[in-house]
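Computed over heavy atoms, backbone and side chain alike; hydrogens, waters and symmetry mates excluded.
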Amino acid sequence: MKLLESRFNEARPKKALAKSAKYPPYIDDLLKYLGDNLTTILTGAPEQLTDVVQVVRTQFVHFHSQAQLSRSSKAWKSNPKDAAAVLLVEKCFDYDTFSKKSEAWGAYQLVQEVGLRICPYCQLHHVNYHMPAGKKTFALRPPLDHFLPKSNYPYLAVSLGNLVPCCGQCNSGVKLALDPLGKGIRHPRSALPNGRIKFSAQGSIPAKIGGKVADVQLALLPPDVEAQAHIEAFKLEQRYGWYAREIFDLMENYNRFKEYPLAVQKAVWPAELVLGFAPGAAPDRALGLCLLDVFRELESGKVV
């Protein structure tokens with residue numbers, strides 16, 4: 001926290017800039033607001049960061065509008081003073097330095113401290129992957145997503161509440177620079193008032209009655225409109241469809257278990273035997289929540 005504060009204070013100009021020909025008249029007020037609210041910006045909860053965005057959007061309209069523009073667009077280039085303000089704020093909240101492994105504390109350490117193993121966006125993949133650091137070595141790269149894109153909200157570039165460890169597919173292949181504000185997408189650390197997305201394999205045909213992998217029918221059941229928006233934004237229906245084989249194998253394992261003598265069935269815990277993990281560990285397993293929900297349907301007789 002102190003390191004991030006010191007970086008902001010080092011990058012922040014010591015002299016007033018409003019009278020400069022390079023910057024817009026609001027620049028000093030903007031920097032003062034960001035400095036006065038630096039603790040909230042750096043360590044605030046997602047809901048607090050949304051409040052900061054609302055203030056910037058309403059009190060510094062030209063700055064906010066400029067930050068939404070593509071850097072290669074004519075509109076960006078036609079407002080050089082507002083563009084200079086955006087670039088200065090980017091310098092004050094320098095993510096490139098934060099993400100360097102050589103830094104004493106930064107993105108690498110954040111991933112380790114958060115301790116997430118499974119992507120909170122999709123629950124399909126592990127958050128960590130490796131990239132080559134040399135011909136014979138590999139280095140851990142922190143796949144951190146800016147929930148609110150740093151290109152649109154440069155003052156949130158190093159906000160810990162805005163950085164979400166996730167899988168490379170969600171970060172680089174699906175979400176990209178999607179701005180969730182106004183789209184009803186809930187931050188993965190926010191409370192789930194109506195529960196999480198559930199999974200159902202009802203209607204699937206198991207192998208014991210001639211079913212094949214192609215006969216697996218997996219449905220995602222959102223508890224509210226925000227969950228539905230999340231499913232659509234992260235293309236979860238299509239992506240989970242790739243895992244029909246795993247669902248089919250689970251059904252096969254369960255039906256094999258039910259063929260054991262009754263005494264054997266009573267002697268073991270079916271969840272751990274069939275799933276390969278305890279139900280409480282499902283959030284910490286790739287595809288774990290989906291497999292757990294289907295297993296519970298098998299137990300209840302909703303899936304044969």
Using atom types as modelled and distance alone, determine if a side-chain donor or acceptor of Glu297 lies under 3.5 Å from a backbone N or O of Ala201. yes

Rounded distance [0.5 Å steps], CG in Asp215 versus CD1 in Ile247: 14.0 Å

Which salt bridge (Lys or Arg N to Asp or Glu O under 4.0 Å) pairs, counting each pair once, include a residue from residues 49-62, with sequence neighbours left out? none

Between Thr43 (side chain only) and Thr40 (backbone N and O only), is there a donor and an acceptor less than 3.5 Å apart? no

Between the side chain of Ser99 and the main-chain N/O of Asp96, is any donor-acceptor distance below 3.5 Å? yes

Which value, rounded to the nearest 0.5 Å, describes the distance between Ser300 atom OG and Lys302 atom NZ? 5.0 Å

Here the ring pair (Phe, Tyr, Trp, His ring centres under 6.0 Å) pairs for residues 144-166, sequence neighbours left out, are Tyr95-His146, Phe147-His187

Hey, what do you get for CD (Gln217) to CD1 (Ile205), rounding to the nearest 0.5 Å? 7.0 Å

Salt bridge (Lys or Arg N to Asp or Glu O under 4.0 Å) contacts in which one or both residues fall within residues 189-207, not counting sequence neighbours: Arg196-Asp293

Between Leu291 and Leu221, is there a shared hydrophobic cluster once you connect ILVMFWY residues whose side-chain heavy atoms come closer than 4.5 Å? no

Using the rule given for side chain to side chain contact (heavy atoms under 4.5 Å, CB included), can you reason through Leu116 versus Val164, listing the C-alpha separation, both sets of side-chain angles and the distance that settles it, and then say yes or no? CA-CA 10 Å; Leu116 277 177; Val164 181; 5.6 Å; no

Shortest non-hydrogen separation from Ala11 to Leu88 and the atoms involved: O-CD1, 4.3 Å

What is the distance from atom CG of Leu148 to atom CG of Asn162, rounded to the nearest 0.5 Å? 4.5 Å

Restricting to pairs with a member in residues 50-88, which pass ring pair (Phe, Tyr, Trp, His ring centres under 6.0 Å), not counting sequence neighbours? none

Compare all side-chain heavy atoms of Leu156 with those of Lys150 and state whether any distance is below 4.5 angstrom. no

Applying salt bridge (Lys or Arg N to Asp or Glu O under 4.0 Å), can you list everything that pairs with Asp224, at least two apart in sequence or on another chain? Arg186

Is the backbone N or O of Ala229 less than 3.5 Å from a side-chain atom of Glu232, with the two atoms forming a donor-acceptor pair by type? no

For Glu90, salt bridge (Lys or Arg N to Asp or Glu O under 4.0 Å) partners two or more places apart: Arg71

Pairs where residues 10-30 contributes a residue and the test side-chain hydrogen bond (donor to acceptor under 3.5 Å, both in side chains) is met, not counting sequence neighbours: Tyr26-Asp82

For Leu30 and Gln59, what are the C-alpha separation, side-chain angles and deciding distance, and is it a side chain to side chain contact (heavy atoms under 4.5 Å, CB included)? CA-CA 9 Å; Leu30 173 61; Gln59 295 187 15; over 6 Å; no

Taking Gln68 for the side chain and Asn152 for the main chain, is one N or O donor matched with an acceptor at less than 3.5 Å? yes

Could you list the residues that satisfy salt bridge (Lys or Arg N to Asp or Glu O under 4.0 Å) with Lys175, not counting sequence neighbours? Asp145

Going by atom type alone, with no hydrogens or angles, which donor-acceptor pairs under 3.5 Å involve a side-chain atom of residues 259-286 and a protein atom two or more places apart or on another chain?
from, atom 1, to, atom 2, distance (Å)
Gln265, OE1, Lys258, NZ, 3.4
Gln265, NE2, Lys258, O, 3.0
Gln265, NE2, Tyr260, O, 2.9

Asp179 with Lys183: basic N within carboxylate O range, under 4.0 Å: no

Under 4.5 Å between side-chain heavy atoms, counting indirect links through other Ile/Leu/Val/Met/Phe/Trp/Tyr residues: same cluster for Leu292 and Leu192 or not? no

For Leu124 and Cys119, what are the C-alpha separation, side-chain angles and deciding distance, and is it a side chain to side chain contact (heavy atoms under 4.5 Å, CB included)? CA-CA 7 Å; Leu124 285 170; Cys119 177; over 6 Å; no

Scanning both residues in full, the closest heavy-atom pair of Met251 with Ser204 reads CE-CB, 3.8 Å

Atom of Pro180, atom of Ile185 and distance for their closest heavy-atom approach: CB-CB, 3.8 Å

Decide yes or no for Ile118 and Val127: does some side-chain heavy atom of the first lie under 4.5 Å from some side-chain heavy atom of the second? no

Of all heavy-atom pairs linking Pro154 and Val86, the shortest is CG-CG1, 4.2 Å

Which donor-acceptor pairs under 3.5 Å do the side chains of residues 31-38 make with protein atoms, sequence neighbours left out?
from, atom 1, to, atom 2, distance (Å)
Lys32, NZ, Asp36, OD2, 2.7
Asn37, ND2, Tyr33, O, 2.8

Run the numbers on Leu218 and Ser200 for side chain to side chain contact (heavy atoms under 4.5 Å, CB included), then give the verdict. CA-CA 6 Å; Leu218 182 67; Ser200 174; 6.0 Å; no

Value for CD (Gln228) from CD1 (Ile231), rounded to nearest 0.5 Å, stands at 5.0 Å

Look up atom NZ in Lys235 and atom CD in Gln169, then write down how far apart they are to the nearest 0.5 Å. 10.5 Å

Shortest non-hydrogen separation from Cys166 to Pro120 and the atoms involved: CA-CD, 4.2 Å

Would you name the heavy atoms of Leu4 and Leu160 that are closest together and state the gap between them? CD1-CD2, 4.4 Å

Can you find a pair of side-chain heavy atoms, one from Pro188 and one from Pro46, that are under 4.5 Å apart? no

Which residue pairs pass the ring pair (Phe, Tyr, Trp, His ring centres under 6.0 Å) test with at least one member in residues 207-249, sequence neighbours excluded? Tyr121-Phe234, Phe199-Tyr240, His230-Phe234

Do side-chain atoms of Ser65 reach the backbone of Val61 as a donor and acceptor pair under 3.5 angstrom? yes

According to salt bridge (Lys or Arg N to Asp or Glu O under 4.0 Å), who are the partners of Arg296, at least two apart in sequence or on a separate chain? none

